[in-house]
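Single-structure report; data block below.
Every chain is numbered from 1, with letters handed out A, B, ... down the list of sequences.
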Number of protein chains: 2
Amino acid sequence: MPRPRSPLLSVDAIVSAALSLVDSTGDFSFPRMARELGVSQAALYNYIDNREHIIELMRGRIFSDRTHADTDDLPWEEALRALAREYRARLVGHPRLVPLLVTQTIQDLAVMGFYEDMATVLGNAGLDVSAIVPAITTVDYLALGSALDLTAPDDAWSAPDDRFPALSLAAAHLKTREERAEAAFEFGLEVLVRGVQQAVARADF
Amino acid sequence: MPRPRSPLLSVDAIVSAALSLVDSTGDFSFPRMARELGVSQAALYNYIDNREHIIELMRGRIFSDRTHADTDDLPWEEALRALAREYRARLVGHPRLVPLLVTQTIQDLAVMGFYEDMATVLGNAGLDVSAIVPAITTVDYLALGSALDLTAPDDAWSAPDDRFPALSLAAAHLKTREERAEAAFEFGLEVLVRGVQQAVARADF
DNA sequence: ACCTGAACACCGTTCAAGT
DNA sequence: ACCTGAACACCGTTCAAGT
């Protein structure tokens, strides 16, 4: 095959192919991407460095196009809730990508933008500077955990078990996994908001 | 090679080999386990079903030998903190195992025992039954996220960046990744404890 | 019952060769 | 500059064959 007049590939096309494979199968590979794109496996390396690079590009993709919400006129509680929920929603949109994301260092600017906005909101709220990173990190843990939960095949919560009476009772009227993951996130977020309120009001936190 | 008088392998030996490979390299494979144990790759299948099975066995290993702490005479706040911290400590003992754990359904009884104990403590505290699973799940997210953080190569928090002034300020006096991960967990846990206190005291949560 | 060797289908990455 | 085909070292799983 001669060199085409216009390239057959692009970074965007590769990232799209990878992301759609992850969404539909839970993973991606070079052979499958190449098949999907109608090129040879080796051709991909003209655009990307390696597998990790593609994962970082997928992270960038799902956090791109962030419209900087004007949270300035909102009470900080509402601003924080909005930021945390949007952050989670980006992950929940591609839950099977999350396991690939959590083992890699974040380099993406859009993600850092989320953190920056949360730091600003918490700083404006009056939270002590030493508590800001722990608070943001808590939001991060809640969002990641909640998104990871959506990838689990089926869980032990739903199966009543005589050996775990307290747990079975608490889990008795549980709805779908999606609702449970969201309820846990909202619970954690609300607890965080109230904790920050307390920390701001009194200096003993 | 004839069949040995006593088996060369055992489930325990396989799990030990897998876990030590995970601890030292971040992953495990059948060829490397077989080399470590001095047997052929195929021999492993006499004791385990597949790769996922080994991961579940590793989960069981790190949560085994749980001494049922008598949390009955403690205030529920202290009991919850103790349970949450022990749960996290088990994961932090093998942080590189955590990425392998998070994508699989929990079947392990010892893990369920942790959940059961937390459900009991929260129920005794007077927390509404509908909030018990969200609260336990929050602890789970915090512990998993905090342990996952320890596996990250090196993070963006530490690098000051003019584009993220609020974040850089908040991250200025950060210590090691270990301390940051633990501080975030403790912050989240404290916020959770106070949130449960509020929810118990007033019914408006 | 417990192990080996060989096979199969998969994977990430490199590299010489083509236009 | 952009692509192909072949190569290499790796992987999980199966299975006939040996004792």
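- In this structure, L8(A) atom CG and dT19(C) atom P are separated by 16 Å, rounded to whole Å.
- D27(A) is linked by a salt bridge (Lys or Arg N to Asp or Glu O under 4.0 Å) to R51(A), counting only residues two or more places apart in sequence or in another chain.
- A donor and an acceptor atom, one from each side chain of R96(B) and S24(B), are nowhere located under 3.5 Å apart.
- Residue pairs satisfying the ring pair (Phe, Tyr, Trp, His ring centres under 6.0 Å) criterion with at least one member in residues 161-186 of chain B, sequence neighbours excluded, are absent.
- Stem analysis of DNA chain C (Watson-Crick or G-U pairs, both distances under 3.5 Å, runs of at least three) returns C:4-8 with D:12-16, C:12-16 with D:4-8.
- Taking atom CG of L37(B) as the reference point, atom P of dC2(C) lies 16 Å away to the nearest angstrom.
- Checked against the 6.0 Å centroid threshold, Y141(A) and Y141(B) do not count as a close aromatic pair.
- Note that OG1 of T151(B) is 8.0 Å distant from CZ of R177(B), once rounded to the nearest 0.5 Å.
- The side chain of V39(A) sits closest to dT4(D) out of dC2(D), dC2(C), dT4(D).
- Computed from coordinates, the N46(A) CG to dG5(D) P distance equals 14 Å when rounded to whole Å.
- Applying the 4.0 Å criterion to OP1 and OP2 of dC10(C), one finds that R32(A) has every side-chain N and O outside that range.
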Please list each protein N or O that sits under 3.5 Å from an N or O in nucleotides 12-16 of chain D, with the distance.
unit_1	atom_1	unit_2	atom_2	d
dG12(D)	OP1	R51(B)	NH1	3.1
dG12(D)	OP2	F30(B)	N	2.6
dG12(D)	N7	Q41(B)	OE1	3.4
dT13(D)	OP2	Y45(B)	OH	3.1
dT13(D)	OP2	R51(B)	N	3.0
dT13(D)	O5'	Y45(B)	OH	3.3

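- More than 12 heavy atoms of other residues, nucleotides or ligands sit less than 6.0 Å from atom CG of D49(B).
- By the side-chain hydrogen bond (donor to acceptor under 3.5 Å, both in side chains) test, S29(B) pairs with R32(B), sequence neighbours left out.
- Residue R35(B) contributes atom CZ, which lies 16 Å from atom C1' of dT4(C) at whole-angstrom precision.
- With sequence neighbours excluded, the residues that form a salt bridge (Lys or Arg N to Asp or Glu O under 4.0 Å) with E56(B) are R59(B).
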